[in-house]
Amino acid sequence: TIHPVLLSGGSGSRLWPISRESYPKQLLPLVGERTMLQDTVGRVAGEGFARPLVICNDEHRFVIAEQLRQISVTPFAIALEPVGRNTAAAAAVAALIIADQDPDALLLLLPADHVIRDPAAFHAAVETAAGAAAAGNLVTFGITPTQPETGYGYIRQGAELTAHSGVFLVDAFVEKPGIEKAADMLAAGGHFWNGGMFLFSAAKLLSELEKFEPAIVAACREAIAKGSRDLDFFRLDPDAFGAAPSISIDYAVMERTDSAVVVPANIGWTDVGAWSALWDIGAKNEDGNVFVGDVMTEDAKNCYIRSEGVLTAVVGLDDVVVVATDDAILVASRDKVQDIKKIVERLKKEG
Ligand code: GDD
Ligand code: MG
């Protein structure tokens with residue numbers, strides 16, 4: 001069976017002031033009624049899937065347990081990180097916990113903060129990937145790129161596998177290239193964005209990590225052995241887990257392995273990284289505005305305006321993002337929303 005593993009470690013700083021460290025974007029209903037975590041779990045709850053394992057910061061354990069309960073999902077486990085050690089360590093912990101109970105398990109590693117508008121196509125892609133993953137490949141999901149985005153991994157598509165139709169070799173995996181290299185790859189064609197979701201057997205992931213980053217596997221094994229379990233919660237030992245090198249699975253494994261393959265996935269994927277993405281996918285009125293909450297405009301076009309309570313009015317402005325909460329108000333140019341993280345960094349420093 002396929003074990004969904006949800007990564008819920010990010011803080012989503014570019015979605016300030018809604019997303020906060022204490023309450024990051026994946027735990028919020030940013031798109032629709034359910035939180036992004038609930039939407040992600042909902043997509044993999046059903047036939048063919050084992051119960052999900054969620055791996056998150058210790059601080060979020062009760063919110064996450066409650067959000068799963070709200071949608072009537074009993075987790076396989078909720079693994080609690082005392083500190084974030086990036087996605088390679090998170091994946092290793094999940095693989096070790098699950099392989100202990102199901103040595104042949106396939107892991108479907110999923111960020112808890114992505115939007116997928118075509119779940120049927122997503123399920124079809126996972127089905128296509130399953131055979132190749134069971135045969136010892138590390139399967140990535142390829143998204144057709146639309147601009148030279150530097151925040152993603154790039155995958156050069158190779159030949160189709162003879163034993164698995166719809167699955168292609170990865171000729172090269174380049175994590176977060178510079179802008180020039182990204183533009184070159186886009187212009188050359190034959191490249192995908194890495195969707196950040198992976199399907200592989202727990203055993204294969206662990207053997208690749210043993211090869212490239214043995215200290216991660218050792219630290220995670222020890223963190224589980226010295227950790228504790230109560231109810232669904234797996235608490236990792238802080239000293240042991242803290243010793244794991246902090247590196248993403250993309251750099252640690254995907255750039256280095258010979259076993260990467262890609263399934264092209266036309267699934268309506270969006271990485272909801274910044275407010276501009278919520279404008280992109282939002283329902284627009286005749287002026288191109290997206291409204292959430294108690295909002296009014298006069299002579300405003302192509303804006304994203306969101307209020308968590310106070311009536312918020314915008315007059316005579318185009319292409320802005322306005323987000324009003326109880327204790328903070330953001331007004332930003334829609335093409336500068338990446339820089340919101342600079343404000344968050346200053347808030348952290350200056351308090
Ligand atoms: N549990 C846990 N612990 N989760 C984590 C940690 C951690 O230490 N660090 C990150 N995550 C979660 C994030 O919350 C997110 O859901 C997912 O893992 C991926 O991490 P990001 O930090 O968002 O990665 P990225 O967006 O820079 O890059 C990845 O995703 C891109 C697509 O969105 C890479 O896989 C890229 O290659 C890919 O293109
Ligand atoms: Mg991301």
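As the structure lists them, so they are numbered: ligands from 1, and atoms in each ligand from 1.
- A salt bridge links Lys211 with Glu208: the closest approach of a Lys/Arg side-chain nitrogen to an acidic carboxylate oxygen falls below 4.0 angstrom.
- Set against the non-hydrogen atoms of His114, the atoms of ligand 1 under 4.0 Å away are 33 (O).
- Looking at Trp269 next to ligand 1, no N or O pair under 3.5 Å apart turns up.
- Closest to atom 17 (C) of ligand 1 among all protein heavy atoms lies Pro111 CB, 3.9 Å.
- Taking 4.0 Å as the cut-off between side-chain N and carboxylate O, Glu213 and Arg85 do not count as a salt-bridged pair.
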Could you walk me through whether Arg235 and Asp58 pass the salt bridge (Lys or Arg N to Asp or Glu O under 4.0 Å) test, one step at a time?
CA-CA 8 Å; Arg235 206 177 294 272; Asp58 185 79; 2.9 Å; yes
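- Not a single N or O atom of Gln26, backbone or side chain, sits closer than 3.5 Å to an N or O atom of ligand 1.
- What sits closest to atom 12 (C) of ligand 1 on the protein, heavy atoms only, is Leu7 CB, 3.7 Å.
- Among all non-hydrogen protein atoms, the one lying nearest atom 23 (O) of ligand 1 is Asp113 OD2, 4.6 Å.
- For the pair Arg69 and Glu66, the salt-bridge criterion is met [side-chain N within less than 4.0 Å of a carboxylate O].
- For atom 35 (O) of ligand 1, the closest non-hydrogen atom on the protein side is Asp250 OD1, 2.7 Å.
- Ion pairing between Asp327 and Arg20 holds under the 4.0 Å rule for side-chain N and carboxylate O.
- For the pair Tyr152 and ligand 1, the shortest N or O to N or O distance does not fall below 3.5 Å.
- The shortest contact between atom 28 (O) of ligand 1 and any protein heavy atom is with Lys176 NZ, 3.2 Å.
- When hydrogens are left out, the protein atom nearest atom 26 (O) of ligand 1 is Asp271 OD2, 3.9 Å; that is the closest non-hydrogen contact.
- Taking only non-hydrogen atoms, the option from Leu109, Thr87, Thr40, Asn86 nearest to atom 11 (N) of ligand 1 is Thr87.
- For atom 30 (O) of ligand 1, the closest non-hydrogen atom on the protein side is Gly196 CA, 4.1 Å.
- Remark: Asp230 CG is packed, more than 12 non-hydrogen atoms of other residues, nucleotides or ligands lying under 6.0 Å away.
- Thr325 and Glu308 are not linked by any side-chain donor-acceptor pair at a separation below 3.5 angstrom, with hydrogens and angles left out of the test.
- Nearest protein heavy-atom neighbour of atom 37 (O) of ligand 1: Glu175 OE1, 2.6 Å.
- Counting only non-hydrogen atoms, the option in Gly9, Gly84, Gly10 that gets closest to atom 4 (N) of ligand 1 is Gly9.
- Under a 4.0 Å N-O distance rule, the pair Glu175/Arg256 does not qualify as a salt bridge.
- Proximity to Ala112 (heavy-atom distance under 4.0 Å) selects the following atoms of ligand 1: 16 (O).
- The side-chain tip of Lys25 does not point at the ring of Trp16 from less than 6.0 angstrom away and within 45° of straight on.
- For the pair Arg334 and Trp279, the cation-pi criterion (under 6.0 Å, within 45° of the ring axis) is fulfilled.
- No salt bridge links Asp339 with Lys336; every basic N to acidic carboxylate O contact stays at or beyond 4.0 Å.
- Within ligand 1, the atoms closer than 4.0 Å to a non-hydrogen atom of Ile55 are 1 (N), numbered from 1 in the order shown.
- Checking only distances, Gly195 never comes within under 3.5 Å of ligand 1, N or O to N or O.
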